[in-house]
Amino acid sequence: DKFKMTLPVNRGVAVSAGHVFATTVDGRLIALDARTGTLAWSVEVVPLASHYTLNAAPRILRDKVLIGSGGGDFGERGCVTAYDTRTGRLLWRFYVVPGSADENAQDPAMARAAATWQGKPAGGAPWDSITVDPQFNRVYIGTGNPSPNDPADRGGSGDDLYTASVVALDADTGKYLWHYQVNPGVAWIH
């Protein structure tokens with residue numbers, strides 16, 4: 001059962017712009033009218049038919065609501081997504097680990113990350129470590145471990161960017177600014 005595997009937990013809500021923002025166990029981010037409790041909007045952040053989870057409290061920065069995905073331990077590609085607080089419109093999404101060669105070619109940060117992976121990139125879920133900085137208009141995410149945990153099971157170990165890192169993003173675009181990798185090629189073996 002998907003819900004047993006993904007540990008359905010909720011770590012809180014965010015309140016801004018007359019709305020209460022929360023995630024749901026089926027992968028949605030919802031906005032409720034703070035006064036009436038009626039649903040203002042609902043968006044699917046991650047597909048239900050996956051191992052992704054949403055269990056963090058959303059974060060607010062100006063007119064954006066941010067949410068990070070969980071599920072990196074189950075082989076999903078971690079991401080943080082920004083939505084417009086008023087409409088729920090997708091503004092940007094930053095993936096922690098590289099995707100396909102075509103996706104990476106469009107993004108220098110992902111092309112750089114792809115060169116540090118020896119197997120199929122997965123993991124790095126920024127499931128709850130998001131901090132916003134209105135002064136510098138930045139979003140800082142703490143990222144999880146690569147997946148699978150054992151480097152031998154993921155085809156060897158390079159640095160596996162941008163897992164086990166702090167990554168700074170431009171809050172308006174979601175574009176990579178810088179990172180500090182705490183534990184390159186992390187090797188947590190269970």
Side-chain angles (χ1 to χ4, degrees), residues 11-12 14 21 23 27 29 45-46 50-85 90-149 151 154-155 157-188:
R11 291 182 172 84
F21 301 95
T23 59
L29 176 66
V45 180
V46 295
S50 71
H51 292 114
Y52 277 111
T53 60
L54 297 180
N55 52 23
R59 304 298 197 276
I60 303 293
L61 181 59
R62 298 187 183 96
D63 60 347
K64 294 169 192 65
V65 56
L66 306 151
I67 190 67
S69 71
D73 288 334
F74 302 112
E76 298 294 356
R77 188 176 169 218
C79 62
V80 62
T81 310
Y83 295 93
D84 183 286
T85 56
L90 174 73
L91 299 173
W92 54 259
R93 178 169 284 170
F94 174 81
Y95 283 97
V96 173
V97 300
S100 70
D102 289 341
E103 291 169 319
N104 299 339
Q106 304 302 313
D107 185 344
M110 287 298 113
R112 185 170 42 253
T116 71
W117 283 81
Q118 294 181 9
K120 178 182 181 272
W127 61 271
D128 195 32
S129 300
I130 299 174
T131 302
V132 296
D133 184 338
Q135 181 180 355
F136 291 103
N137 198 39
R138 292 194 177 152
V139 176
Y140 301 102
I141 61 173
T143 67
N145 55 284
S147 179
N149 292 327
R154 53 179 194 264
S157 183
D159 284 351
D160 300 334
L161 292 177
Y162 296 99
T163 63
S165 298
V166 175
V167 181
L169 307 173
D170 178 275
D172 290 333
T173 63
K175 295 292 183 193
Y176 165 92
L177 296 172
W178 57 261
H179 78 280
Y180 173 74
Q181 191 169 40
V182 178
N183 193 351
V186 65
W188 303 118

Set of salt bridge (Lys or Arg N to Asp or Glu O under 4.0 Å) partners for Arg59, sequence neighbours left out: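 Arg59: salt bridge (Lys or Arg N to Asp or Glu O under 4.0 Å) contacts with Asp128.
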Residue list, salt bridge (Lys or Arg N to Asp or Glu O under 4.0 Å) with Asp133, at least two apart or on another chain: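 By the salt bridge (Lys or Arg N to Asp or Glu O under 4.0 Å) rule, Asp133 matches no residue at all.
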Which pair of heavy atoms, one from [X] and one from [Y], lies closest together, and at what distance?
X: Ala125; Y: Gly72; value: CB-N, 3.7 Å
X: Arg77; Y: Gly99; value: NH2-N, 3.1 Å
X: Pro126; Y: Cys79; value: CG-O, 3.3 Å
X: Gly123; Y: Val97; value: O-CG1, 3.9 Å
X: Arg138; Y: Leu177; value: NE-CD1, 3.3 Å

Ala113: partners by side-chain contact (heavy atoms from CB on, under 4.5 Å), with sequence neighbours left out: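 With neighbours one apart ignored, the set is Pro98, Leu161, Tyr162.
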Residues that Pro184 engages under side-chain contact (heavy atoms from CB on, under 4.5 Å), provided they are two or more places apart: Asp159, Gln181
Residues which pass side chain to side chain donor-acceptor pair (under 3.5 Å) with Asn183, listed by chain and number, not counting sequence neighbours: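 Applying side chain to side chain donor-acceptor pair (under 3.5 Å) to Asn183 gives none.
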Any residue meeting side chain to side chain donor-acceptor pair (under 3.5 Å) with Tyr140, in chain and number order, not counting sequence neighbours: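 With sequence neighbours excluded, Tyr140 shows a side chain to side chain donor-acceptor pair (under 3.5 Å) to no residue whatsoever.
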Any residue meeting ring pair (Phe, Tyr, Trp, His ring centres under 6.0 Å) with Phe21, in chain and number order, not counting sequence neighbours: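 Testing Phe21 for ring pair (Phe, Tyr, Trp, His ring centres under 6.0 Å), a comparison that skips the adjacent residues, returns His19, Trp41.
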Pairwise ring pair (Phe, Tyr, Trp, His ring centres under 6.0 Å) hits with a residue in residues 110-135, at least two apart: none
Heavy-atom donor-acceptor pair, [X] side chain to [Y] backbone, under 3.5 Å:
X: Arg154; Y: Pro121; result: no
X: Arg93; Y: Val45; result: yes
X: Ser147; Y: Ala122; result: no

Note, Asp170 side chain near Trp92 side chain (heavy atom, < 4.5 Å): no
Val167 vs Val96 side-chain heavy atoms within contact, under 4.5 Å: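 The answer is no, as the side chains (C-beta and beyond) never meet within the 4.5 Å cut-off.
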Check: Thr163/Asp160 side-chain N/O donor and acceptor closer than 3.5 Å: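 Looking only at side-chain atoms, Asp160 and Thr163 do not form any donor-acceptor pair under 3.5 Å.
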Rounded distance (nearest 0.5 Å) linking atom CD1 of Ile141 with atom CG of Leu169: 5.0 Å
Within residues 65-76 or reaching into it, pairs that qualify as side-chain hydrogen bond (donor to acceptor under 3.5 Å, both in side chains) - sequence neighbours excluded: Asp73-Asn145
Sequence neighbours excluded, every pair satisfying side-chain hydrogen bond (donor to acceptor under 3.5 Å, both in side chains) that has a member inside residues 95-111: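 Those involving residues 95-111 are Ser100-Glu103.
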Pairs where residues 173-183 contributes a residue and the test salt bridge (charged side-chain N to carboxylate O under 4.0 Å, His left out) is met, not counting sequence neighbours: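 Listed once each, the pairs would be none.
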Atom pairs and distances, side-chain donor-acceptor, residues 61-68, under 3.5 Å, sequence neighbours left out:
residue: Arg62; atom: NH1; partner: Asn137; partner atom: OD1; Å: 2.5
residue: Arg62; atom: NH2; partner: Pro134; partner atom: O; Å: 2.5
residue: Lys64; atom: NZ; partner: Asp172; partner atom: OD1; Å: 3.4

